[in-house]
Structures are given as C-alpha cells and as structure tokens.
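In what follows, chains carry the letters A, B, and so on, assigned in the order in which the sequence lines appear, proteins first and then strands, with residues in each chain numbered from 1.
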Amino acid sequence: MRKRIGAVVFLVFFAFLLLSVYDLHEFGAPPSEMDDYIIKNTQNETGANNAVTAVVFDYRGYDTLGEATILFTAVAGVMVLFRKGGENEE
Amino acid sequence: MNDWIVTNAPILIIATPLFAAFLTPLVDRVSKRGRDAMVFVATLITLVIAFILAKNVFDNGLVVYTLGGKSVGLTLPSGYHVPVRIILEVDGMSVFMAMISTLTSFVGLLYSFSYIKGEGSGKYYTLFLMMLVGMLGMEMTGDLFNLFVFLEILSVSSAALIAFYARKGKPLEASIKYIIISSLAALFVLFAIGLLYGEYNLLNMGALAGEISSEATFTFTTQIAFILLFASFVLKAGAAPMHMWLPDAYGEAPGAISMVLVAATQASLYALLRVCFTVYSMAIDASTIGIILISLGLVSIFIGATMALIQINMKRLIGYAAVAEIGYILLAIGVGFFELAKVGGGGVISEYGLKALQGGVFHIFNDVLDIGLLFLVAGAVIYVTKESNLNKLGGLAHSMKYSSIFFIIGMAAVSGLPPLNGFASKILIYESVYKVSPITSIIAILASIFMLAIFVKIFHSVFMGPKLSEFATCKEAPKLMLGSMAVIAVIMIFFGLFPDFVVNNIVNPAVNALMNQAGYIGSVLGGV
Amino acid sequence: MKSEGLSPIVQTIAGILFPMILIFSFYVIMHGHLTPGGGFQGGAIGASAVVMLIVAFGAKNIEKKIREEKLSAFESIGGVVFIAVALLGLVMASTFMSNFLVGDIIFGKIPPFGSNLGILNSGGILPILNLAVGMKVIGGLSAVVLVMALASKEEKNDI
Amino acid sequence: MIYNVPFLAVVVLIAIGAYALLFKRNLIKIAIGLTILESGVNLFLITLGYREGDVAPIYTNLPSGRGMVLPVPQALTLTSIVIGVAVLALILSLIIRIYRKYGTLDSHEMRRLKE
C-alpha cells in the first residue's frame with residue numbers, strides 16, 4: 001500500500017515536471033536581456049576576457065563568496081564529525 | 001564614519017561574522033581564549049549593526065545595496081533597464097528577522113561558552129557563526145539565487161551542528177534526515193529559480209515581481225515555479241505534513257543550537273513570506289493561498305499539540321510544541337493573506353486582516369523567544385543530569401531553582417498566558433481569526449490550553465516531587481547559562497508588559513514592508 | 001605499515017606527476033579570466049594531485065607529512081584573502097566586491113573590445129580572487145578526502 | 001517540439017533521482033539519488049543558457065562573427081556544482097559515521113529515534 005501511494009505521488013510529480021518544461025521557451029532561443037548586457041560590457045567593466053569568470057567573480061561575486069563559504073562549512077562539518085576524543089561529552 | 005557604517009550596514013552585518021568564521025580556525029591554533037573573545041566580539045558587533053540598520057530602515061524606509069556597483073544605490077547599470085548585479089534589499093521585515101537572528105545567536109553564544117567543551121569546540125564556533133551568516137544572508141538578500149546559496153549555507157552548518165555529538169547514534173540520524181530533506185528542498189528551489197530565469201531572464205526578486213505583476217504574464221511555468229518554491233519553503237519551515245525532520249533535529253542538537261535552529265526555521269518562513277507577499281502577490285489567487293496557509297497552520301497546531309503529549313524525551317516534546325507554534329504563525333499569516341485578497345491588494349487591508357498579520361509577525365519573534373527559552377532550560381537540565389527522559393527525571397527544583405523559574409516563564413509564554421509575550425501575540429491572532437472563522441479560533445485556543453496542560457505535566461515530572469537519589473549531587477546550571485536564559489526571559493516579560501510599544505515600533509514596520517510590494521519593486525526598478 | 005599505499009612503481013610515478021599537476025592547476029587558476037577555467041576548476045585539479053598522493057602512499061603516511069589542520073588553515077587563509085579583497089573594494093572604491101583594480105597598475109589593463117589574444121595583466125580583482133578560491137578549494141577538498149580516508153582506515157573498535 | 005528534448009532529459013534525470021530518494025532504503029543509494037537529482041538541475045541551468053550556433057562566452061581567440069551563449073547560467077551551475085560537492089561530502093561523512101555506529105546502511109533498520 002505504501003509503495004502504491006509512493007508510485008502515484010511519483011507519477012504525478014513526473015507529469016508535473018514534464019508540464020513545467022513544456023511551456024518554457026524553445027530550446028536554443030532564450031530571453032537574454034540581462035546576459036546581453038554582461039556579454040557586451042564584461043571587457044570594459046571588468047577587464048576580463050572570460051565572461052563566465054566575470055560573472056562568477058564580479059557581477060555575482062557575492063554568490064561565489066557564499067559558495068566558498070559552503071565549502072568551508074562542509075570541511076569544518078566533516079572535521080567535526082571525525083574529530084578525535086569526545087567520548088565523554090554531554 | 002558613522003554615515004559609512006549606516007550606508008554599508010547591509011553588507012557589514014554579513015561580512016563581520018563571515019570574516020570571523022574564516023579567522024576562527026587560524027586563531028584557534030594560537031589561543032582558545034583569543035578565539036572565544038573574537039567570536040564574542042564579532043557576534044556583538046553584528047548585533048549592534050543589526051540595531052543600527054533597523055533604526056535606519058524604520059526611519060528612512062527600504063535600503064538597497066548594489067554589490068560591486070559604482071555606487072550603493074545604483075541598482076540598474078547606467079542606461080539599462082534590468083538589474084544585473086546582486087542587490088541586497090533590506091526592508092522592515094528583513095531587519096525584523098535580522099534582529100531575531102542576531103539576538104538568538106548572541107544569547108546562544110553566551111550559553112555555548114559554558115556548554116561546549118573539549119575537542120572540536122573551534123569548529124563548533126566556526127559553524128555557529130556560519131549559521132548566523134546563513135540566516136542573515138537569507139534575510140538581507142534581494143536576489144533569488146543568492147537566497148538559495150545562503151539557504152544551503154544554513155542547511156550545511158545546521159546539519160553539521162546537529163550531528164555535533166557524533167559518537168552517538170541519534171544525532172547522526174537526525175542530521176542525515178535533516179540534510180537530505182534540506183538539500184532536496186534546496187534543489188527544488190533551484191529548479192524553480194531556473195524556471196523563472198528561463199522565463200524572464202531575471203534573478204532579482206523585485207524585478208521578477210515587476211514582471212509577474214499581471215495575470216497576462218503569469219504563465220504556466222511561473223505558476224509551477226511558485227508551487228515548487230512554496231512547497232520547498234513550507235518543508236524547510238517545518239509546517240505540519242512535512243514536519244517529520246523537525247522534532248528530531250531540534251531534539252538531538254546541542255542546547256544552544258536548538259534555539260538557534262528555531263530562528264533558522266523562521267528564516268525559511270521569511271523566505272516563504274517573501275515569495276508569497278513580494279514576488280507573487282499581484283498575480284496569485286491570494287484567497288486560495290490564504291486558505292492553504294490556514295489549513296497548514298491548523299494541521300500543524302493539531303499535530304504539534306497531540307504529538308507533544310506522547311513524547312517522553314524532553315527536547316523532542318518541545319520540538320513538537322515548536323511545530324504547533326509555527327502553525328499559529330501560518331494561521332495568522334493565512335488569514336492576513338485571505339483578507340488581502342478580498343480588498344484587492346494595493347496595501348489596503350481590513351482592520352482585522354491587519355491585526356492577523358501583526359499577530360503573525362509578532363508571533364515569529366515570540367515563538368523564537370518562548371521555544372528558545374524552553375530549549376535552553378532543557379539543555380541546562382541535560383547538562384546537569386545527563387538525562388533527557390521525562391520518566392527518569394524528577395525533583396530538580398530542589399537544586400535548580402532559577403532554571404525552574406525560567407521554565408515556568410517559558411511554558412506560560414508558550415501556552416499564551418498573560419502577562420507574557422505569548423499572550424500578546426496570540427490574543428491578536430485569536431481575535432482576528434475569530435472574525436474569519438470562529439471555529440478555527442476556538443481550535444487554536446483549545447490547542448493552547450492543551451499545551452499548557454502538557455507543559456504543567458512535564459514541569460511537574462521534571463522539577464517537582466522529592467529529591468531523587470541519582471540527582472543528589474546535581475547543582476544549579478553554570479552562571480553563564482543562567483545569564484543567557486535571564487536575557488531571554490527579561491525580553492519576554494518586556495514584550496508581554498508593553499505589547500503596544502513593540503507592535504508600534506517593531507512589528508508594524510515589518511507588516512507594512514510586507515504589504516508594500518510596489519515600494520519593493522520600485523526600489524530596484526526606480527519610478528517610485 | 002606494510003599494507004599502506006600501492007607499489008613502488010605507482011609511488012614513483014605519482015611523485016613525478018605531483019608537481020606537474022600542481023603547475024597545471026596553477027596555470028588554470030591564473031588564466032581563469034582569459035580561458036575556460038578559474039579558481040574552482042584549477043583548485044579541483046590541484047586537490048586531485050593531493051588525492052593521487054593519498055591513494056599512492058596511503059592516508060596515514062600523508063598525514064605524517066601534512067596534517068589536516070594545516071590544510072584547513074590553508075583553506076582559511078584563502079577565505080580570509082577573498083573577503084579581505086571584497087572588503088578592500090568597500091574601502092578603496094564604493095561598494096563591497098567592487099572591482100577597484102580595473103584601470104590600475106596591477107591587473108588593470110583593459111583588453112580591446114572583441115576577439116583578442118588575451119592579456120594576463122587584466123581583470124582587476126578577478127585573478128586575485130581566483131587565486132584565493134583556488135587555495136580554498138585545494139585546501140578544502142584535500143582536507144575532506146584526507147579526513148575521510150583516515151576515518152575509513154580507523155579500527156572499528158575506535159568508536 | 002523536438003527541440004525541447006534537452007529539457008525532457010532534465011526531467012528524466014530529476015525523476016530518476018526522485019525515484020531513488022522515494023523508494024530506496026540504502027543510504028548510499030539515497031545519496032546517489034540526490035546527486036543524480038542535482039545533476040538534472042545543473043543540466044537544466046546549462047540548457048537554459050544555450051543559444052543555437054553560439055560559442056562559449058570567452059573573448060580570447062573568439063572566432064569572428066559568432067555570438068555567445070548566456071554566461072549567467074554557466075556561473076550559476078558552477079556555484080551549484082560546488083555546493084553539491086560540499087553537501088555530498090557532509091552526507092557521505094554522516095553515512096560513514098552511521099555505518100560505524102549501527103553496522104548497517106538500511107534506513108529502516110536504524111529507526112531508534114522512535115521512542
């Protein structure tokens with residue numbers, strides 16, 4: 001019974017996702033107002049030839065700070081999990 | 001200098017704890033005391049900046065901050081009509097949440113100083129600061145993808161801290177449950193962001209709200225993106241049908257982390273409000289969403305109150321009470337949303353609709369304080385006795401006088417007894433919900449009474465009765481722990497005694513900010 | 001220590017390859033603003049060099065040479081540099097993360113518009129941030145792999 | 001709409017990942033499911049930025065007369081991949097710990113939280 005409910009939920013979910021991309025723009029022709037600005041101005045605003053790097057470190061550099069933070073957090077988390085000692089805690 | 005701080009406060013509030021978190025492992029190698037001092041100072045500075053920012057926003061309205069731009073207020077690149085860079089947008093609701101986050105983190109840090117000892121304490125404080133960064137980042141940002149990034153920071157650091165006692169089994173189970181559910185929710189948030197990006201080529205929430213402002217542009221893809229965002233944030237906020245991770249996570253985390261986790265859950269709730277009220281409020285059928293929120297709230301109240309009854313672990317019981325409290329918030333917000341639909345938006349709302357929103361937003365703060373205080377007391381009990389089973393605990397009031405007083409304050413506030421803060425917000429909720437549906441209001445009141453009964457029972461079993469021999473050597477909790485509990489208790493009593501002052505000065509700006517969608521859009525796109 | 005690590009052939013070749021991979025990683029990091037790549041990609045390459053050593057020599061032997069706390073500190077320095085550069089943007093120019101080095105002497109050249117061969121001395125703060133993130137990723141990923149490798153070697157009764 | 005096949009591939013990937021999350025009991029398989037799901041979302045972001053006939057958005061040695069695909073989705077994908085790595089590292093560490101503690105990876109067998 002549990003499995004059957006799961007299957008129904010799963011199928012509904014699958015159909016739902018299919019519908020969601022069905023209505024999206026045609027593949028290969030996206031709207032591009034924001035990106036066109038970046039492509040046109042990346043060289044004179046950031047001095048970088050690579051527009052992706054310009055987005056990663058300049059236009060959306062704050063996100064990159066966040067993602068570097070996540071990596072740092074995960075490393076700290078892994079080290080906490082495997083730390084030595086700690087038998088007598090709590 | 002002062003102006004400089006005020007202008008740059010939206011980023012400094014995030015950069016300060018982040019910088020300290022990166023420095024912690026380096027300082028930890030040199031001196032443990034130095035590390036503690038640095039973490040304390042960083043959190044204190046963050047708290048101060050939060051209040052400076054709050055004053056600025058309450059006085060002057062919404063603040064924007066363009067990251068990497070030529071100037072702070074230059075949201076659009078010169079001569080262009082869409083925002084390109086990441087923009088922080090801080091309105092009344094953001095600073096309201098920021099005050100909650102910084103306050104709980106500060107108190108939680110004080111508590112941790114005497115609670116956390118031994119190996120791994122350096123990493124503990126790193127992760128602790130990262131939780132603060134994650135919450136503040138979510139609350140400050142005006143960019144959807146950025147919201148996702150900080151949501152993940154919050155999830156990863158919380159999961160690592162829930163599993164802090166990694167030698168035991170239960171924290172590991174709670175943690176893996178939490179991290180899998182969190183990343184699942186975050187991935188669907190990301191998918192929804194992708195849908196919105198593919199549809200409008202925008203990531204800024206204000207600009208997106210401007211695009212989704214009418215029925216015509218509210219396409220099918222956009223609707224599905226809304227459903228995904230709504231479901232994910234409800235899941236992260238721990239509302240009832242998707243609450244299963246919450247009592248485990250709250251119950252197994254170290255004492256102070258349980259309290260900060262409550263604030264972290266409210267950050268997800270904030271994201272839900274942001275999506276409903278700001279990004280989609282013009283286009284969605286608000287009455288339907290209102291009814292969905294009300295039913296989610298009712299289910300949460302019901303499940304939270306009934307499941308709390310059968311728990312024998314003290315912290316899990318409080319965790320279920322937290323589910324019920326989230327239910328009250330969702331109920332009130334749902335009623336407000338329902339009323340917003342009736343008059344057709346535009347910032348106009350009926351009197352009791354406004355009251356419902358006030359009650360709901362006020363209750364966010366009170367929930368964190370009440371449940372947080374109970375978790376702190378529970379943490380102290382576990383710290384002293386090494387026992388969390390309610391059937392084995394007893395007679396602790398003989399040795400832990402102050403803790404038992406704080407527990408009474410906490411339980412009275414959670415059950416909505418006057419003159420505490422829980423009463424102040426719950427009376428607003430009951431009053432306004434009664435106007436929409438009397439039966440709902442009665443259920444909410446009954447659930448509160450039920451919670452009072454549960455908490456009186458556990459108070460009796462934990463603190464009352466004769467002194468048990470196995471706890472004969474137990475002393476009162478350390479002073480620093482009592483001090484942090486006292487800070488929370490004093491704020492709660494203050495909120496309970498002067499509810500009007502709080503509602504007028506803190507809650508109302510937040511509520512107005514939530515309803516002022518045009519202002520939010522205008523601050524990005526200009527024109528208002 | 002007999003069971004630790006692979007055969008001497010593998011160990012020798014890993015020892016020879018290790019500096020080469022690090023140099024390649026450095027190249028990918030420093031040319032991040034000109035060619036495909038950047039801090040994360042280069043950092044992942046560098047971390048793979050460390051992982052290769054861990055596989056070849058065994059985690060215990062590597063840990064004697066370099067402790068995971070050192071790697072973690074290395075990562076911390078990367079993070080501190082990143083946020084310090086971002087804060088310098090706030091102090092030197094207008095906003096947090098602003099690219100204050102464009103037009104300056106270091107990394108300040110602005111390339112001609114359109115297709116060009118690429119100038120290494122361009123990109124403003126981008127190369128510095130690339131380097132910081134590269135440090136972070138090398139330190140972070142190798143620390144994670146080292147810790148996990150050590151943990152899976154631990155005796156079961158150590159729990 | 002034959003041209004929307006990449007989007008369909010995304011949906012299939014996400015569905016496979018969701019299937020593993022819903023029906024599998026082995027924690028490692030759940031982690032793999034999460035990774036597949038994440039790959040699906042990353043592929044979705046990348047396909048969103050594709051413009052027909054265009055090249056990567058890098059000006060170094062750009063072939064003349066060619067346009068560029070959108071750079072932002074690539075940057076978002078990069079961010080999302082690193083986040084995925086971090087989360088996966090944490091999940092795998094938790095799984096190692098759990099296996100040490102209980103000696104099993106079956107999520108149904110370790111329901112000790114139900115008191």
Side-chain angles (χ1 to χ4, degrees), chain A residues 17 20-21 24-90, chain C residues 31-40 43 68-69 71-72 75-76 78-79 82-83 85-86 89 96-99 101-103 107-119 121-130 132-133 136-137 139-141 143-144 147-148 150-151 154 158-159:
Chain A
L17 285 182
S20 74
V21 295
L24 209 60
H25 66 76
E26 197 174 317
F27 177 68
S32 59
E33 275 172 317
M34 180 166 77
D35 294 76
D36 285 341
Y37 178 87
I38 291 172
I39 289 175
K40 215 192 302 166
N41 293 291
T42 171
Q43 281 183 313
N44 58 25
E45 279 190 7
T46 68
N49 267 344
N50 185 341
V52 176
T53 307
V55 174
V56 168
F57 287 105
D58 192 311
Y59 292 103
R60 303 190 70 80
Y62 186 53
D63 278 350
T64 308
L65 181 58
E67 93 187 77
T69 309
I70 293 184
L71 196 58
F72 182 77
T73 314
V75 173
V78 171
M79 286 183 161
V80 160
L81 285 178
F82 292 119
R83 71 183 183 277
K84 306 226 162 51
E87 286 88 349
N88 307 322
E89 283 162 0
E90 202 178 32
Chain C
H31 281 243
H33 55 300
L34 302 174
T35 55
F40 288 108
E68 68 261 27
E69 278 91 11
L71 288 170
S72 174
E75 191 198 7
S76 272
F82 192 116
I83 196 163
V85 170
F96 190 77
M97 295 283 331
S98 69
N99 200 336
L101 282 175
V102 171
F107 299 120
K109 285 239 169 62
I110 293 170
F113 183 74
S115 176
N116 63 64
L117 289 176
I119 308 161
N121 190 18
S122 67
I125 59 171
L126 265 59
I128 303 171
L129 293 185
N130 262 326
V133 169
K136 257 192 87 68
V137 174
L141 287 186
V144 166
V147 170
M148 281 166 81
L150 282 173
E154 266 173 50
D158 187 46
I159 299 169

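- Interface summary for chain A: among C:Lys136, C:Met148, C:His31, the most heavy-atom pairs under 4.5 angstrom belong to C:Lys136.
- Contacts with chain A were tallied for C:Val144, C:Leu129, C:Ile110; C:Leu129 has the most, counting heavy-atom pairs under 4.5 Å.
- The side-chain heavy atoms of C:Phe96 and A:Leu65, taken from C-beta on, include a pair separated by under 4.5 Å.
- Looking at C:Pro112, the atoms closer than 4.5 Å to chain A (heavy atoms on both sides) all sit in the backbone: N, CA, C or O.
- Side-chain contact check for A:Val56 versus C:Leu126: every heavy-atom pair is 4.5 Å or farther apart.
- Of all heavy-atom pairs spanning C:Phe82 and A:Gly61, the tightest one is CZ-O, 4.1 Å.
- Within the 4.5 angstrom heavy-atom criterion, no atom of C:Ser98 approaches chain A.
- For A:Thr46, the side-chain contact (heavy atoms from CB on, under 4.5 Å) criterion is met by A:Thr42, A:Ala48, A:Ala54, A:Asp58, A:Tyr59, C:Asn99, not counting sequence neighbours.
- Contact count versus chain A (heavy atoms, under 4.5 Å) is highest, among C:Pro111, C:Gly124, C:Gly139, C:Ser76, for C:Pro111.
- Of all heavy-atom pairs spanning A:Asn50 and C:Thr35, the tightest one is ND2-O, 2.9 Å.
- For the pair A:Thr53 and C:Asn130, the minimum side-chain heavy-atom distance is below 4.5 Å.
- Screening A:Leu81, A:Val78, A:Val75 against C:Val147 for a side chain to side chain contact (heavy atoms under 4.5 Å, CB included) leaves a single residue, A:Val78.
- Looking at A:Glu45, the atoms closer than 4.5 Å to chain C (heavy atoms on both sides) all sit in the backbone: N, CA, C or O.
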